[in-house]
Amino acid sequence: MDAAREKKVVDAVPTGLFIGGKWRAGATGATFNVEDPSTGEAICTVADGTPADATAALDAACAAQAEWAATAPRDRGEILRRTFQLMNDRADDLALLMTLEMGKPLAEARGEVTYGAEFLRWFSEEAVRIDGRWSTNPSGAGRLLTMKQPVGPCLLITPWNFPIAMGTRKIGPAVAAGCTMVVKPAQQTPLSMLMLAEIMTEAGLPAGVLNVVTTTKASDVTGPLFDDARLRKVSFTGSTPIGKKLMEQASKHLLRVSMELGGNAPYLVFADADLDAAVDQAVIAKMRNIGESCVAANRFHVHESVADEFAERLAQKLGSMKVGRGTEPGVEVGPLIDATQRAKVAELVEDAVGKGAKVLTGGEQVGDRGYFYAPTVLSGISDDATLLREEIFGPVAPVKTFAGEEEAITAANDSEFGLVAYVFTSDVKRSLRVVEALEVGMVGLNRGLVSNPAAEFGGVKESGFGREGGREGIDEYLSTKYVAVDL
Ligand code: SIN
């Protein structure tokens with residue numbers, strides 16, 4: 001990849017805070033480095049926001065709220081639609097930027113730009129479909145009027161693994177609903193969000209509707225916002241422990257809350273499954289985003305009659321994937337986000353191997369530069385292996401056997417998480433029985449990918465609540481007001 005082009009794309013990013021429609025330095029003037037995880041080297045610096053900056057961003061969001069809520073839904077939708085178009089026009093640059101700050105291979109980054117932009121197209125269409133209800137009181141006396149109104153200023157906290165799509169999945173419905181917002185992107189990947197703010201401004205988003213505060217001190221900076229009664233909602237995508245802390249903070253002013261938290265997705269392969277499809281889709285379910293996704297298949301439960309063949313075929317596929325810097329041609333597996341994440345993945349593999357697992361492929365870090373870890377398949381997993389209980393967030397596939405349907409369902413549900421499960425079977429009755437019995441918010445039935453802007457994304461149990469995308473996504477940003485009407 002051309003270093004001059006990389007520099008040009010990075011240099012085009014505004015690196016200040018975006019508050020009230022203006023780019024500015026943080027209150028202290030401090031900055032922090034954004035690293036390329038494939039080298040560990042800094043690619044640029046961005047403003048390190050402070051609590052005072054976050055409050056200024058909320059001031060701007062509050063100042064813009066009433067006027068923004070009163071804009072025509074069609075106008076809000078058109079801004080989203082223009083942003084969708086501009087993102088697609090600039091997809092190559094956005095994808096390169098994302099690869100540089102996050103590490104995912106360029107083709108996947110390009111896919112995320114499309115995925116992220118689609119949330120804006122979807123919600124541009126939803127903006128004009130916010131409706132209410134008019135009904136007759138059951139007694140016949142009087143009428144009931146129900147209307148939907150924007151929740152108010154929101155705090156949107158986005159993760160590093162999908163730096164654009166997890167932003168547009170929140171910003172799209174907030175804009176469509178008529179809410180203003182403060183966005184705090186992840187420290188590791190602020191550049192894509194800063195670029196998105198620039199593009200949305202170009203698409204006509206009024207000053208103050210979207211404010212972006214980058215920072216290294218996430219909880220210090222968001223703390224004052226939770227103490228401020230003007231904030232009405234928080235939407236968070238990230239780990240369950242942080243989600244729980246935010247819930248506590250959100251209780252102070254009883255904020256509306258959407259939480260998209262950790263997962264521990266079981267991938268069930270029954271003896272009657274199409275094994276070719278099960279193996280091919282397993283590559284997607286495991287390796288999309290280098291395994292750094294809350295919907296990544298975390299544990300493979302495979303019927304004992306096909307488990308060896310499944311594991312060997314999966315190992316062959318993962319073992320032949322090209323690992324390297326995401327900008328290089330043909331690379332399918334980029335680096336993990338940082339040294340901490342790679343150490344955690346290595347520790348989970350060591351723990352499983354120490355408890356008897358066999359390494360069919362991988363099982364080690366790759367190279368001395370950057371944070372690469374080899375695609376790994378493990379078999380013979382013992383019941384007490386930690387990776388059965390914890391989210392791996394890396395390219396590691398543990399394969400465990402089961403003997404019967406009940407055992408498979410029990411194993412799948414044996415987790416405090418409940419985001420997604422994958423089920424492979426050719427038996428229609430079994431598929432419906434198993435889907436009903438799974439304690440999750442989403443199921444991939446003979447498919448290794450569920451993510452889709454037109455579908456409701458979200459979990460149950462400790463994977464959180466609220467839905468992003470689909471018909472329900474905009475509801476998270478709307479309040480219901482009922483009026484008792486005396487005729
Ligand atoms: C996530 O990992 O947070 C979600 C990824 C997706 O939308 O597919």
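Since we're looking at a predicted model, the values are computed, not measured.
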Is there a salt bridge (Lys or Arg N to Asp or Glu O under 4.0 Å) between R256 and E476 once you walk through the steps?
CA-CA 8 Å; R256 284 279 296 274; E476 303 284 320; 5.4 Å; no
Is E309 paired with R313 through a side-chain N to carboxylate O contact shorter than 4.0 Å?
yes
Applying salt bridge (Lys or Arg N to Asp or Glu O under 4.0 Å), run through K245 and E248 and close with a yes or a no.
CA-CA 5 Å; K245 283 199 187 118; E248 280 174 30; over 6 Å; no
Check ion pair K322-E328 (N to O, under 4.0 angstrom)
no
Decide whether a cation-pi geometry holds between K184 and F236; the criteria are a distance under 6.0 Å from NZ or CZ to the six-membered ring centre and an angle within 45° of the ring axis.
no
CD1 on I392 to CZ on R299, rounded to 0.5 Å
10.0 Å
Taking the six-membered ring for Trp, is the centroid-to-centroid distance between H301 and Y267 below 6.0 Å?
no
Note: D384-R389 ion pair, threshold 4.0 Å (strictly below):
no
Salt bridge check, R325 against E6: does any charged N sit closer than 4.0 Å to a carboxylate O?
yes
Is there a side-chain contact between E41 and D36 in this structure, where contact means two heavy atoms from C-beta onward sitting under 4.5 Å apart?
no
Cationic N near anionic O, under 4.0 Å, K355 to D383
no
Please step through side chain to side chain donor-acceptor pair (under 3.5 Å) for the pair E101 and S192, ending with a clear verdict.
CA-CA 8 Å; E101 66 175 345; S192 303; 2.5 Å; yes
